[in-house]
Amino acid sequence: MAARLEVNQLTKIYEGRVARKALDHLHFTVEEGEFVGVMGPSGSGKTTLLNVIATIDEPTAGIIRLNGKDPHSLNKEEMALFRRRELGFVFQQFNLLDTLTVEENVALPLLLDSVNAKETNRRVQAVLQKLGIADCSQQFPYELSGGQMQRTAIARAIIHRPSLLLADEPTGNLDSKSAGDVMALLRDMNEQDRSTLLMVTHDAVAASYCSRVIFVRDGKFYNEIYRGDSRQRFFQSIIDMMSLLGGDARDLSGVRL
Ligand SMILES: Nc1ncnc2c1ncn2[C@@H]1O[C@H](COP(=O)(O)OP(=O)(O)O)[C@@H](O)[C@H]1O
Ligand SMILES: [Mg+2]
C-alpha cells in the first residue's frame with residue numbers, strides 16, 4: 001500500500017512573544033511509492049513539516065492531502081485511526097518505552113489496533129528478523145546500542161505496514177556502518193512494499209539512497225534533485241546543493257565517505 005502526499009502552500013507560524021514562521025508556503029508532491037529526502041539547515045522547518053503531516057501539529061495555512069484527503073479535516077476518532085493505520089513515524093529521539101522490551105515496543109501499534117496475539121506475534125517476529133534484531137527481542141531499550149534502538153524504532157514504525165512512513169533523521173545517532181544498514185533497509189522496504197517514504201536527514205550519504213531530495217530553507221521550497229542512475233553522482237550533487245544552501249556547520253557533520 002502506498003500513499004500520494006500533497007503539501008500545498010503549507011504555512012506554520014508559531015505564535016509567541018516573537019512569532020516564528022517555521023513553514024512558509026511550502027509546496028511539493030510525493031508520488032505513490034517514492035522515497036524522498038528532505039534536507040535544509042537547522043531551523044528550516046523540517047521537523048515541523050513532519051509533525052504537520054503526521055497531524056501532531058496544526059498548519060496555520062495551506063493544506064496536506066494524503067490520497068486526496070486532508071487528515072486535518074478528520075474528526076478525533078478518524079484522526080486516531082489515520083495515525084494508527086496509515087502512518088509510520090520514526091522519531092529523532094526514538095521514543096521507545098523504557099519499561100517495555102524490544103518485542104513489546106514493536107508490538108504496540110498492533111495491540112492498540114486490537115490485532116490478535118497470534119497474528120501480532122507472527123508479525124513482530126518477522127519484522128525483528130528482517131531488521132536483524134531478533135536476538136534482542138527480550139531486552140529493554142537501555143540494554144541496546146544506538147543502532148539497535150534505531151532498528152527497534154523503525155520496526156515499530158513499519159509493523160502495521162503504513163502507507164506513508166515519516167522518518168526524522170533516522171541515521172542521526174548511528175555510526176556509518178549502522179547508518180548504511182538502516183538506509184539499505186529503508187530502500188528495500190520502499191522497493192519491495194512500495195511504501196511512500198519521506199525522510200529528513202542532515203547526512204548526504206543517507207540522502208543519496210533516496211530517489212529525490214527536496215531542499216528547504218527558511219520554511220520554503222528551495223530546490224530538488226532527482227537521483228538518476230549513479231548514486232555517486234547524486235551524492236556529489238547533494239553535497240554541492242548543501243554548500244549552496246549554506247547554514248550551520250552541523251549540516252556537513254554527517255558527511256561520511
Ligand atoms: N513548538 C514550537 N514552538 C515555537 N517555535 C518552534 C516550535 N517548534 C519549532 N519552532 C521553531 O520553528 C522553526 C523550525 O523548527 P524545526 O521545524 O524544528 O526545524 P528543523 O527540524 O529544520 O531544524 C525554528 O525557528 C524553531 O525554533
Ligand atoms: Mg529537526
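Just so you know, these numbers use all the heavy atoms, side chains as well, and skip hydrogens, waters and symmetry mates. Treat the numbers as computed from the prediction; the structure is a model and nothing was measured.
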May I ask you to say whether [X] pairs ionically with [Y], meaning some side-chain N is under 4.0 Å from a carboxylate O?
X     : Y      : value
Lys76 : Glu78  : no
Arg65 : Asp70  : no
Asp57 : Lys12  : yes
Lys46 : Asp168 : no

From [X] atom [atom1] to [Y] atom [atom2], the distance as rounded to the nearest 0.5 Å:
X      : Y      : atom1 : atom2 : result
Gln125 : Thr120 : CD    : OG1   : 11.0 Å
Asp135 : Gln139 : CG    : CD    : 8.5 Å
Leu96  : Arg156 : CG    : CZ    : 5.0 Å
Met183 : Asp188 : CE    : CG    : 10.5 Å
Arg20  : Ile13  : CZ    : CD1   : 13.0 Å
Asn8   : His25  : CG    : NE2   : 10.5 Å

Neighbour count above 12 (heavy atom, 6.0 Å) for Glu77 CD: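 At most 12 heavy atoms, drawn from other residues, nucleotides or ligands, come within 6.0 Å of this atom.
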Arg233, CZ: over 12 other non-hydrogen atoms inside 6.0 angstrom: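 Incorrect, the count does not exceed 12.
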Do the non-hydrogen side-chain atoms of [X] and [Y] ever get within less than 4.5 Å of each other?
X      : Y      : answer
Ser195 : Arg161 : no
Arg212 : Arg227 : no
Phe215 : Ile238 : yes
Phe234 : Ile225 : yes
Val200 : Leu50  : yes
Val90  : Leu166 : no
Met189 : Lys130 : yes
Thr11  : Pro59  : no

Stepwise side-chain contact (heavy atoms from CB on, under 4.5 Å) test for Leu10 and Ile64: CA-CA 7 Å; Leu10 195 66; Ile64 298 284; 3.8 Å; yes
All pairs passing ring-ring contact (aromatic ring centres under 6.0 Å, His included) where residues 83-136 contributes a residue, at least two apart: Phe89-Phe91
Do [X] and [Y] pair up side chain to side chain, a donor and an acceptor below 3.5 Å, judged on atom types alone?
X      : Y      : answer
Arg83  : Thr55  : yes
Ser208 : Arg231 : yes
Thr48  : Asn51  : no

Non-neighbouring partners of Phe35 that pass ring-ring contact (aromatic ring centres under 6.0 Å, His included), sequence neighbours left out: none
Audit row: Glu86, Ser163, side-chain hydrogen bond (donor to acceptor under 3.5 Å, both in side chains) steps and yes/no: CA-CA 5 Å; Glu86 304 299 320; Ser163 50; 2.8 Å; yes
Partner set under side-chain hydrogen bond (donor to acceptor under 3.5 Å, both in side chains) for Glu32, not counting sequence neighbours: none
Which residues share a side-chain contact (heavy atoms from CB on, under 4.5 Å) with Asn116, sequence neighbours left out: Lys118, Glu119
side-chain contact (heavy atoms from CB on, under 4.5 Å) partners of Leu244, counting only residues at least two apart: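 Checked Leu244 against side-chain contact (heavy atoms from CB on, under 4.5 Å); matches are Tyr222, Met241.
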Can you name the nearest heavy-atom pair linking [X] to [Y], along with the distance?
X      : Y      : result
His202 : Ser42  : NE2-OG, 3.8 Å
Arg4   : Thr29  : NH2-CG2, 3.6 Å
Leu26  : Val216 : CD1-CG1, 3.8 Å
Leu245 : Pro41  : CD2-CD, 3.7 Å
Leu97  : Asn105 : N-OD1, 2.8 Å
Pro162 : Leu87  : CB-C, 3.5 Å

Qualifying side-chain hydrogen bond (donor to acceptor under 3.5 Å, both in side chains) pairs, either residue in residues 140-154, two or more places apart: Ser145-Gln148, Arg151-Asp181
Test side-chain contact (heavy atoms from CB on, under 4.5 Å) applied to Leu165 and Leu198, step by step: CA-CA 6 Å; Leu165 180 68; Leu198 189 65; over 6 Å; no
Checking [X] side chain against [Y] main chain: does a donor-acceptor pair fall under 3.5 Å?
X      : Y      : value
Glu34  : Glu31  : yes
Thr196 : Ala3   : yes
Asp203 : Val205 : yes
Asn190 : Gly33  : yes

Check for me, please, whether [X] and [Y] land in the same ILVMFWY cluster - side-chain distances under 4.5 Å, paths through other members count.
X      : Y      : answer
Leu131 : Phe140 : no
Met149 : Leu108 : no
Met79  : Leu164 : yes

Full working for side-chain hydrogen bond (donor to acceptor under 3.5 Å, both in side chains) between Asp175 and Ser178: CA-CA 6 Å; Asp175 59 78; Ser178 307; 3.1 Å; yes
Of Leu128, Leu144, Thr101, the residue whose pairing with Cys136 passes side-chain contact (heavy atoms from CB on, under 4.5 Å): Leu144
Intermediate values then yes/no, side-chain contact (heavy atoms from CB on, under 4.5 Å), His72 and Glu58: CA-CA 7 Å; His72 290 275; Glu58 284 279 317; 3.6 Å; yes
CA sep, side-chain torsions, deciding dist, call: Tyr14, Lys21, side-chain contact (heavy atoms from CB on, under 4.5 Å): CA-CA 6 Å; Tyr14 287 108; Lys21 198 179 259 187; over 6 Å; no
